[in-house]
Amino acid sequence: MDRIYFDHAATTPVSKNVLEKMMPYFTDMFGNAHSQHTFGRSSIKGVDLARSQVAKAINCLPNEVYFTGSGTEANNWAIKGTAWAKQSKGKHIITSAIEHPSVLNSCSWLKKQGFEVTILPVDRDGKVLLEELKKALRKDTILVSIMLANNEVGTIQPYKEIAKLVKANDSIFHVDAVQAVGSIKVDVKDIGCDLLTLSAHKFYGPKGVGALYIRNGLKIDKLIIGGGQERAMRGGTTNTPAVVGLGQAIEDAVNNLEVYSEHCMKLRDRFIERVEKEIPNVKLNGSRTDRLPNNANFSFEYIEGESILYRLDLAGIAVSSGSACSSGSLEPSHVLLAMGVDIVLGHGSIRFSFGMSNTMEQIDYAVDKLKETIDFLRKMSPLFNWKEGEIQNV
Ligand code: PLP
């Protein structure tokens, strides 16, 4: 069996169609999108098309789309830009405990600048507690930043209820939709947000390019100061091939959404069913119902996630332990801890995230290998006794 990639939440390959659309912008149409001559004009045409492709995909106007160098940059911009622009109204910001580090760390950076930050708790499924949000909202709350879907456990937030509360309080609502775009329908009007972040490499586009939706009429400050690019809101020569790739990738993702979703859900559900049936002492993390179609996250009792990851990698299966964005550290995942997952269980957690190229045969092969891996590691674990195939707590 060829190598199996079950880490699509970390990143996806660039699709052939996207790459094909990008290629001419590296060579023939290499002009600076801001140059006045023919080379520049052919470049800006590609950027304009990409802007309208993004706008169509998320249901906004093209002039509400701003290209950035990543989802991380868009999150930094949304949060810091809003805080700076609205500080005369108030200095209170609300976010949740399960956000991506680009959100949490932007908020803690602002805290050092004199802003006040409330971090909302979540329930066992990883959903923001609406009652807590209600309690936290204040007159001086300028911004609420809550993700649409979580990168580790795939839980989808009750975004409409959140938006309602935020709007009733006259605060600005930012949504990090990096994991959601390309996986579920993302419509800024339906969500009711003012700002929304997306990133191309999560939906078969290139790395190093993202976008921030800024609702017309909302004024936020710049993050990157430079020339007049992105309607003077984000300096830096436009990365035309990447932007063109983002545009094509989001168009393809939206056109393919139903097929993708059905395909991934079938794989995910079979994977979850077999793991729960065939491997003892496992716990599915995240919501069973409000969950991204391509995510399965399990805690395996008594063993370390890293050991599972390395053994699966040896068997040719790529997965992630904790958050892929911050893996490399042996810290238990802040997401699982916030969900109340026991710290020891949190250490034995693995995220499996599926994509278009995965097959049912791969799922079955991976479950078989996973069973062997868990058996092997548990036999070596000092945390329990292994007796005739039965796990017993010690
Ligand atoms: N937000 C979420 C939820 C993510 O999962 C990620 C990346 O994994 C990001 C933001 C950052 O996006 P980027 O990799 O484009 O910086």
Side-chain angles (χ1 to χ4, degrees), residues 5-14 18 54 58 65-80 95-107 109 122 126-128 145-157 159 162 174-184 186 191 193 195-213 223-224 234 236 239 242-243 245-247 249-250 253 285-286 290-295 297 318-329 333-336 338-339 351-355:
Y5 186 74
F6 282 168
D7 202 12
H8 292 83
T11 197
T12 58
V14 173
V18 167
V54 174
I58 62 169
V65 175
Y66 296 83
F67 293 114
T68 64
S70 61
T72 295
E73 183 194 321
N75 279 345
N76 269 263
W77 184 10
I79 293 166
K80 293 174 185 171
T95 189
S96 88
I98 56 155
E99 299 299 315
H100 187 263
S102 55
V103 167
L104 285 173
N105 291 336
S106 290
C107 289
W109 186 86
V122 293
K127 285 191 190 168
V128 163
S145 178
I146 309 270
M147 68 199 335
L148 195 50
N150 183 263
N151 44 307
E152 293 186 37
V153 295
T155 298
I156 300 165
Q157 293 297 332
Y159 54 85
I162 295 173
H174 168 241
V175 168
D176 174 356
V178 166
Q179 290 291 334
V181 172
S183 238
I184 54 171
V186 175
I191 296 168
C193 60
L195 297 156
L196 182 135
T197 294
L198 57 92
S199 175
H201 74 106
K202 306 293 185 181
F203 47 87
Y204 300 90
K207 294 167 190 45
V209 61
L212 181 64
Y213 155 77
L223 177 73
I224 301 208
R234 195 264 185 190
N239 185 351
V243 163
L246 190 162
I250 203 165
N285 295 309
D290 298 321
R291 178 179 208 105
L292 289 177
N294 72 337
N295 174 292
N297 184 310
V319 298
S320 155
S321 70
S323 158
C325 307
S326 58
S327 63
S329 94
S333 142
H334 71 284
V335 174
L336 296 178
M339 287 163 54
R351 177 185 69 189
F352 305 84
S353 47
F354 313 112

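Both counts, for ligands and for their atoms, begin at 1 and track the order of listing.
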| Minimum heavy-atom separation for Met147 to His100, with atom names? | CE-N, 3.9 Å
| request: Would you mind running through ligand 1 and noting each atom that sits below 4.0 Å from a heavy atom of Ser70? | output: 15 (O), 16 (O)
| query | What part of Ser199 sits under 4.0 Å from ligand 1 if we count only heavy atoms: the side chain, the backbone, both or neither? | reply | side chain
| Between Asn75 and ligand 1, which part of the residue brings a heavy atom under 4.0 Å of the ligand: side chain, backbone, both or neither? | side chain
| query | Can you name the one residue among Asn75, Ile98, Thr95 that meets side chain to side chain contact (heavy atoms under 4.5 Å, CB included) with Leu104? | reply | Thr95
| remark: Note: ligand 1 atoms sitting under 4.0 Å from heavy atoms of Asp176 are 1 (N), 2 (C), 3 (C), 10 (C)
| query | Which part of Met147 is near ligand 1, with near meaning a heavy atom under 4.0 Å away: side chain, backbone, both or neither? | reply | side chain
| request: Can you sort out which atoms of ligand 1 are near His201, meaning under 4.0 Å from one of its heavy atoms? | output: 13 (P), 14 (O), 15 (O)
| query | Would you call Ser353 and Phe6 a side-chain contact if the rule is heavy atoms closer than 4.5 Å? | reply | no
| message | What I want to check is whether the side chains of Thr155 and Asn150 have a donor and an acceptor closer together than 3.5 Å. | response | no
| task | With atom 8 (O) of ligand 1 as the reference point, say which of Lys202, Glu73, Glu152 has the nearest heavy atom. | result | Lys202
| Heteroatom distance test (Gly71, ligand 1): nitrogen or oxygen, under 3.5 angstrom | yes
| query | Going by heavy atoms in the side chains, are Val175 and Tyr159 under 4.5 Å from each other? | reply | no
| task | With the side chain counted from C-beta on, respond yes when Arg351 and Asp7 share a heavy-atom pair under 4.5 Å apart, and no when they do not. | result | yes
